[in-house]
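Read the structure below first, then the notes.
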Amino acid sequence: MSHYVREAVERITTRKLAPYETIKVEPITPIIGAEISGVDLTRELTAQQIAEIRRAWLEHHVVVFRKQELSAEDQKRVARYFGELRQFPIAKFDGGDPEIVEARSGRDNEHIVGGLWHTDGTGDEAPSAGSFLYMMDMPEVQGGDTMFSNMHLAYDMMSPAMKAFLEGLTAHHDGIVAWRGHKPPEGFPIARADHPVVMTHPENGRKNLFVNSGFTTKINELAPFESQQLLQMLYRMIEQEPILACRIRWEKHAMVWWDNRCTQHFAVWDYYPYNRHVRRVTINGSKPTL
């Protein structure tokens, strides 16, 4: 472990967090993730509960609620406490609820949604702030975990020279990459945008790495070969550095809320040919800035 990594990890693991009064928060790892208990999401939340849940989300980047039998309206109500709900364009083509995305995976799938390290929807000019993913039905066998990685730490563990180099760059993000060679419906809007390679989180003021293999196609200021090599180096760091990540083990009626601005996630497809069904609600974010 380099001294840059040691210093970055120590800043996180030695931080002192204020206690909570209305919820219980148990970290999954010192780096990322926490389980929240002592709250019933089927009921209206108090202002203090809302404030403490939001604080836990900002401090840990990923929070898990278990044993919550939520209807779609419950899930949307909970998300609205924390932001405006995102409208998804696919609803115009499949006739579904524009505020909900459902994903099913099983024997008939060629691949699953989220089966690579990525940040959601970075082809948008203003990517989402976060998503609430609810487990409707689990595979008959244990599996289907989701891994989350801390992009604040990914940035912090780099050398000063690399940080200075990356902060002068922007990257192109293309929504067509997420279709993995499949053709979108006729007239489906494909989002494309340029964002800084290093962004500043709009709420905590910390910098984090903001490129991902699910949407980023090139570094705008570099030659194609240089761009490809730099992106592959950054992707390998995220994929191969276990200290960045936590692993969420799912169960039916669990819900995970992650901060899309400073994390990446990976859906582990280790339950084929069994079925899984999830429901997602997303809150809007803002345009990333350095």
Side-chain angles (χ1 to χ4, degrees), residues 28 32-33 61-62 64 86 88-90 94 96 100-124 127-128 130-151 154 171 173-185 188 190-192 209-217 228 231-242 244-252 254-282:
I28 297 170
I32 183 171
H61 317 310
V62 181
V64 185
R86 173 147 294 198
F88 289 95
I90 193 65
D94 65 12
I100 288 178
V101 172
E102 295 195 31
R104 292 176 171 85
S105 49
R107 181 182 293 276
D108 296 333
N109 291 84
E110 296 179 14
H111 57 80
I112 62 167
V113 175
L116 75 171
W117 281 108
H118 68 288
T119 300
D120 287 340
T122 56
D124 295 330
S128 66
S131 288
F132 297 75
L133 189 66
Y134 182 70
M135 183 60 64
M136 303 282 287
D137 287 300
M138 283 286 294
E140 298 170 37
V141 294
Q142 183 60 51
D145 296 351
T146 303
M147 299 180 68
F148 291 88
S149 193
N150 183 336
M151 292 300 101
H173 299 248
D174 192 335
I176 198 63
V177 178
W179 288 86
R180 297 192 181 184
H182 294 275
K183 186 177 180 181
F188 186 88
I190 300 299
R192 296 180 173 93
L209 186 63
F210 200 68
V211 295
N212 71 95
S213 61
F215 290 94
T216 309
T217 58
Q228 181 185 40
L231 286 174
Q232 289 305 312
M233 182 272 287
L234 296 174
Y235 298 158
R236 284 197 302 273
M237 179 186 68
I238 295 164
E239 295 167 1
Q240 299 177 10
E241 187 52 79
L244 295 171
C246 71
R247 187 169 182 134
I248 305 297
R249 174 155 288 189
W250 285 98
E251 60 186 23
K252 191 172 181 178
M255 183 168 72
V256 176
W257 177 27
W258 66 88
D259 191 334
N260 197 53
R261 301 163 295 187
C262 62
T263 65
Q264 291 191 29
H265 56 283
F266 183 103
V268 180
W269 196 17
D270 55 358
Y271 51 89
Y272 181 88
Y274 297 97
N275 299 316
R276 192 177 83 150
H277 179 197
V278 294
R279 184 175 66 208
R280 191 182 76 187
V281 174
T282 298

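Note that this is a predicted model, so its numbers are computed, not measured. What's counted below: heavy atoms across the whole structure, side chains too, no hydrogens, waters or symmetry copies.
Under 4.0 Å is where a charged nitrogen must lie from a carboxylate oxygen, and between Asp124 and Arg86 at least one such pair does.
When all heavy atoms of Ser131 and Thr282 are compared, the closest pair comes out as OG-OG1, 2.7 Å. Minimum interatomic distance between Ile176 and Asp174 (heavy atoms only, all atoms of both residues): N-OD1, 3.0 Å. When all heavy atoms of Trp269 and Gly106 are compared, the closest pair comes out as CZ2-O, 3.9 Å. For the residue pair Ala171 and Val211, the shortest heavy atom distance occurs at CB-CG1, 3.9 Å. Of all non-hydrogen atoms in Ser213 and Leu116, the two that sit nearest each other are OG-CD1, 3.7 Å.
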Step-by-step side-chain contact (heavy atoms from CB on, under 4.5 Å) determination, Gln142 to Arg249: CA-CA 9 Å; Gln142 183 60 51; Arg249 174 155 288 189; 3.5 Å; yes
Working for side-chain contact (heavy atoms from CB on, under 4.5 Å), residues Val62 and Ile28: CA-CA 9 Å; Val62 181; Ile28 297 170; 5.9 Å; no
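In this structure, the separation between CH2 on Trp117 and CE on Met147 is 4.5 Å, given to the nearest 0.5 Å. Atom OH in Tyr274 sits 9.0 Å away from atom CZ in Arg107 (nearest 0.5 Å). Between atom CE of residue Met138 and atom NE2 of residue His277 there is a gap of 14.0 Å, rounded to the nearest 0.5 Å. One distance of note links CE of Met135 with CZ of Arg276; it measures 4.0 Å at 0.5 Å rounding. For the atom pair Phe266 CZ and Arg247 CZ, the distance stands at 9.0 Å (nearest 0.5 Å). Residue Thr119 holds its OG1 atom at 10.5 Å from CH2 of Trp258, rounded to the nearest 0.5 Å.
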Taking only distance into account, with no hydrogens and no angle test, what donor-acceptor pairs under 3.5 Å do side-chain atoms of residues 233-240 form with protein atoms, sequence neighbours excluded?
unit_1: Tyr235; atom_1: OH; unit_2: Asn212; atom_2: O; d: 3.3
unit_1: Tyr235; atom_1: OH; unit_2: Thr216; atom_2: O; d: 3.4

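Between His265 and Asp120 the shortest side-chain heavy-atom distance falls below 4.5 Å. At a threshold of 4.5 Å between non-hydrogen side-chain atoms, the residues Met151 and His61 do not count as touching. For the pair Asn109 and Tyr272, the minimum side-chain heavy-atom distance is 4.5 Å or more. Counting heavy atoms from C-beta outward, Pro127 and Phe215 have side chains that stay 4.5 Å or more apart. Using a 4.5 Å heavy-atom threshold, the side chains of Asn275 and Asp137 count as separate. For the pair Val278 and Ser105, the minimum side-chain heavy-atom distance is 4.5 Å or more. Looking only at side-chain heavy atoms (C-beta outward), Arg280 and Tyr134 stay at 4.5 Å or farther from each other. Contact of the Val177 side chain with the Thr217 side chain is registered, since non-hydrogen atoms from C-beta on lie closer than 4.5 Å.
A donor-acceptor pair under 3.5 Å is absent between the side-chain atoms of Ser149 and the main chain of Gln264, judged by distance alone.
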